[in-house]
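Here the structure comes first, spelled out in structure tokens, and everything after it is commentary.
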Amino acid sequence: MDCAKGHCLLSHYYPPCPEPELIMGTTKHSDPDFLTILLQDRISGLQVLCDNQWIDVPPILGALVVNIGDLLQLMSNDRLKSVDHRVVANNEGPRVSVACFFTLYTNPTTRTYGPINELLSPHNPALYSHTSLQDFIAYYDNKGLGAFSALDHFKL
Ligand SMILES: O=C(O)CCC(=O)C(=O)O
Ligand SMILES: [Fe+2]
């Protein structure tokens with residue numbers, strides 16, 4: 001997949017908020033990469049959507065959170081599912097997180113990505129079209145975070 005060739009690090013700083021119930025730290029989204037490895041500090045806030053319920057992912061000292069991204073869902077033809085997540089604001093203190101995104105879109109190539117052939121059969125047809133990482137990211141960025149998944153656009 002070459003996805004480790006173009007990983008990119010992003011650090012977030014969430015200032016303390018006097019009225020955290022009025023605002024979101026990061027809106028609901030799934031990540032537009034293959035895999036994300038996330039380091040949280042001691043302040044909680046990360047939540048994942050599971051059976052329509054937001055579940056807290058409490059920080060554990062020294063632990064990393066590994067999230068499946070949209071591109072792994074696309075390549076695995078839905079065997080692996082990207083996770084919807086968000087960060088709620090807090091009034092305890094500043095929160096810092098560092099996310100490492102495994103993807104290649106910072107190194108443009110002509111390669112396209114689609115469901116892996118070995119996973120397909122007459123009973124398990126391809127659910128997604130092939131896409132270049134540039135096209136996928138362009139669509140993801142243009143749509144913005146929020147209600148629906150960028151994967152819907154690539155469904156056959
Ligand atoms: O700050 C966090 O814990 C999560 C950040 C995140 O979801 C992202 O960078 O995609
Ligand atoms: Fe994320």
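Order of appearance sets the numbers: ligands from 1, and atoms from 1 within every ligand. All of these numbers come straight from a predicted model, not from anything done at the bench. Nothing fancy with the numbering, it's 1 onward along the sequence.
- You'll find the ring centres of Phe34 and Tyr113 inside the 6.0 Å limit.
- Tyr128 and Asp78 share a side-chain donor-acceptor pair at under 3.5 Å.
- Between the side chains of Gln73 and Arg79, no donor N or O sits under 3.5 Å from an acceptor N or O.
- Within 6.0 Å of atom CD in Gln53, 12 or fewer heavy atoms from other residues, nucleotides or ligands are found, so the atom counts as exposed in its surroundings.
- Using cut-offs of 30° and 60° on the angle between ring planes, the pair Phe154 and Tyr139 is perpendicular.
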What does the N/O contact table under 3.5 Å look like for ligand 1?
from, atom 1, to, atom 2, distance (Å)
ligand 1, 1 (O), Tyr14, OH, 2.6
ligand 1, 1 (O), Arg95, NH1, 3.0
ligand 1, 1 (O), Ser97, OG, 2.6
ligand 1, 3 (O), Arg95, NH1, 3.2
ligand 1, 3 (O), Arg95, NH2, 2.9
ligand 1, 7 (O), His29, NE2, 3.1
ligand 1, 7 (O), His85, NE2, 3.0
ligand 1, 9 (O), His12, NE2, 2.6
ligand 1, 10 (O), His29, NE2, 3.1
ligand 1, 10 (O), Asp31, OD1, 3.1

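- In this structure a side-chain-to-backbone donor-acceptor pair under 3.5 Å is present from Arg95 to Ile43.
- Lys28 places none of its side-chain heavy atoms less than 4.5 Å from the side chain of His85.
- Of all protein N/O/S atoms, those lying under 2.8 Å from the Fe ion (ligand 2) come to 3.
- The environment of CD1 in Ile23 is sparse: at most 12 heavy-atom neighbours from other residues, nucleotides or ligands sit within 6.0 Å.
- Between Thr36 and Asp33, the side chains place a donor N or O and an acceptor N or O closer than 3.5 Å (distance only, hydrogens not considered).
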